[in-house]
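Notes for the one structure printed next.
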2 protein chains.
Amino acid sequence: MQKKFNTADLNLTIEQWSVLYHLWKEDGISQQDLCQATFRDKPSMTRLVDNLEKAGLVKRSASKTDRRKNLITLTEKAKAIQDTCHGFASETVDEALAGVRDADIEVCKVVLKQVYENLK
Amino acid sequence: MQKKFNTADLNLTIEQWSVLYHLWKEDGISQQDLCQATFRDKPSMTRLVDNLEKAGLVKRSASKTDRRKNLITLTEKAKAIQDTCHGFASETVDEALAGVRDADIEVCKVVLKQVYENLK
DNA sequence: TTTAATTGGTTGTCAAAACAACTATATGCC
DNA sequence: GGCATATAGTTGTTTTGACAACCAATTAAA
């Protein structure tokens with residue numbers, strides 16, 4: 001997927017995409033929310049948002065109800081690349097799972113979820 | 001596993017461990033060999049070996065048959081922690097796979113291998 | 001209500017990954 | 001032998017992750 005991004009001159013890292021992915025589902029959420037959604041700690045999110053902001057893809061704005069919070073909102077530039085990115089994502093999934101039986105994918109998901117729980 | 005290393009004051013990263021892991025199997029191999037074994041590129045290995053050398057766990061020495069090559073050899077310090085590390089590794093695997101059926105683990109491995117091949 | 005604990009976010013440091021550019025040695029070919 | 005190419009390793013830059021320490025705002029408790 002990173003290679004697809006690079007080839008298309010999207011100038012977007014997978015990590016940045018993973019943040020945009022959640023904002024495309026729900027815009028204007030806090031950094032903390034994004035931490036939970038993407039399984040990252042707060043410092044990592046601060047820097048990811050820093051870089052996304054530098055790239056002109058998101059904007060930070062203070063929450064009116066809780067002055068500690070930054071609400072992260074998508075710019076037009078970010079909205080413009082949503083469909084392209086979604087396309088690359090589903091292409092990649094298709095390529096990755098070619099020739100794998102659905103039932104086996106399900107088993108795999110269950111196993112990995114269990115491992116995640118076991119180590120949490 | 002990283003947490004186990006930290007708790008035991010081993011001062012070892014998982015990445016460094018992954019290099020030692022292969023050296024414990026076969027000592028005195030080149031950085032290139034380690035690249036292949038650990039799926040890393042050359043610059044990553046240069047720095048991993050740098051840090052392992054700083055930590056007094058490996059030593060670089062010039063190959064006599066090919067002056068381009070560094071042969072990486074384990075120090076006594078590294079040999080001394082082999083059993084401890086192996087213990088932590090198998091403990092971690094046991095914890096991770098608790099309650100997962102063997103057959104499902106096998107399916108999972110096959111699926112992931114296929115995905116790896118598909119994306120290679 | 002004033003202090004204590006929690007939550008949201010930032011900064012600093014170190015280790016690592018990806019990628020490009022580079023040097024030095026080896027090897028293949030004419 | 002001499003040149004092109006391949007191989008082994010290093011250095012530089014950028015982005016990220018883990019962790020500790022910190023500040024500010026909010027909430028809970030005495």
Side-chain angles (χ1 to χ4, degrees), chain A residues 1-22 28-73 119-120, chain B residues 1-22 28-73 119-120:
Chain A
M1 195 150 111
Q2 183 69 68
K3 279 180 192 160
K4 288 177 198 286
F5 284 173
N6 293 345
T7 305
D9 278 315
L10 264 180
N11 248 66
L12 195 64
T13 67
I14 293 300
E15 291 80 9
Q16 293 168 351
W17 166 80
S18 75
V19 172
L20 294 183
Y21 177 81
H22 289 282
I29 62 181
S30 71
Q31 292 186 199
Q32 201 61 244
D33 293 335
L34 287 169
C35 287
Q36 288 202 282
T38 62
F39 304 95
R40 286 184 174 87
D41 67 358
K42 293 184 295 173
S44 298
M45 192 49 64
T46 293
R47 274 134 187 169
L48 267 172
V49 173
D50 284 352
N51 285 333
L52 282 166
E53 209 171 20
K54 269 186 224 159
L57 292 165
V58 306
K59 210 162 49 87
R60 271 187 249 242
S61 57
S63 162
K64 300 198 170 163
T65 58
D66 185 337
R67 283 190 301 159
R68 292 168 306 179
K69 284 187 182 172
N70 290 337
L71 299 185
I72 312 302
T73 49
L119 295 179
K120 204 167 63 176
Chain B
M1 195 151 111
Q2 183 69 69
K3 278 179 192 163
K4 289 178 199 284
F5 285 172
N6 294 345
T7 304
D9 279 316
L10 265 179
N11 250 64
L12 194 66
T13 66
I14 292 300
E15 291 81 7
Q16 292 170 351
W17 166 82
S18 76
V19 173
L20 294 183
Y21 177 81
H22 290 282
I29 60 181
S30 71
Q31 293 185 198
Q32 201 61 245
D33 293 335
L34 287 169
C35 287
Q36 287 203 283
T38 63
F39 304 96
R40 287 183 173 86
D41 68 358
K42 295 185 294 173
S44 298
M45 191 51 63
T46 293
R47 274 133 187 170
L48 267 172
V49 173
D50 284 350
N51 285 334
L52 282 166
E53 210 170 22
K54 269 186 224 160
L57 292 165
V58 305
K59 211 162 48 85
R60 270 186 250 243
S61 56
S63 162
K64 301 198 170 163
T65 58
D66 187 337
R67 282 191 301 159
R68 292 169 305 176
K69 284 190 182 172
N70 290 336
L71 300 185
I72 311 301
T73 47
L119 295 179
K120 203 166 64 179

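Order of the sequence lines sets the chain letters (A, B, ...), proteins ahead of strands, with each chain counted from 1. What's counted below: heavy atoms across the whole structure, side chains too, no hydrogens, waters or symmetry copies. Fair warning: this is a prediction, and the values are worked out from it, not measured in the lab.
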Distance, rounded to the nearest Å, where A:L48 contributes CG and D:dA18 contributes C1': 14 Å
A:Q2 side chain vs A:I14 backbone, donor-acceptor pair below 3.5 Å: yes
Separation of D:dA8 C1' from B:L34 CG (nearest whole Å): 13 Å
Proximal nucleotide (of C:dT10, D:dG9, C:dG8) relative to the A:T46 side chain: C:dT10
C:dA16 OP1/OP2 closer than 4.0 Å to side-chain N/O of B:N51: yes
Rounded interatomic separation in angstrom, taking CG from A:L71 and P from C:dT7: 19 Å
Main-chain N/O of A:S30 paired to A:D33 side chain as donor or acceptor, under 3.5 Å: yes
Rounded interatomic separation in angstrom, taking CG from B:D50 and C1' from D:dT10: 9 Å
Length of the CE-P vector between B:M45 and C:dA16, whole Å: 10 Å
For B:R68, salt bridge (charged side-chain N to carboxylate O under 4.0 Å, His left out) partners two or more places apart: B:D66
Shortest non-hydrogen contact from A:N11 toward A:Q16: O-OE1, 4.2 Å
N/O donor-acceptor pair under 3.5 Å between B:T46 side chain and B:K42 backbone: yes
Comparing B:R60 and A:I14 on DNA chain D - which has the more 5′ nearest nucleotide: B:R60
Residue-phosphate contact under 4.0 Å: A:Q31 side-chain N/O, C:dT10 OP1/OP2: yes
Between C:dA16 (P) and B:W17 (CH2): distance, integer Å: 14 Å
Residue list, side chain to side chain contact (heavy atoms under 4.5 Å, CB included) with B:K4, at least two apart or on another chain: B:F88, B:E91, B:T92, B:E95
DNA chain C: 5'-proximal contact among B:E15 and A:S30 (nearest heavy atom): A:S30
Touch class at under 4.0 angstrom, heavy-atom based, for A:T13 against every strand present: sugar-phosphate
Atom-pair distance (CD on A:Q32; C1' on D:dA24), nearest Å: 14 Å
Nucleotide D:dA8, atom P - distance to NZ of B:K64 in whole Å: 20 Å
Annotated protein contacts, base or backbone, on nucleotides 18-28 of chain C with a non-hydrogen cut-off under 4.0 Å, one of B, S, - each: BBB----BS--
Side-chain donor-acceptor pair present, B:T73, B:R60, cut-off under 3.5 Å: no
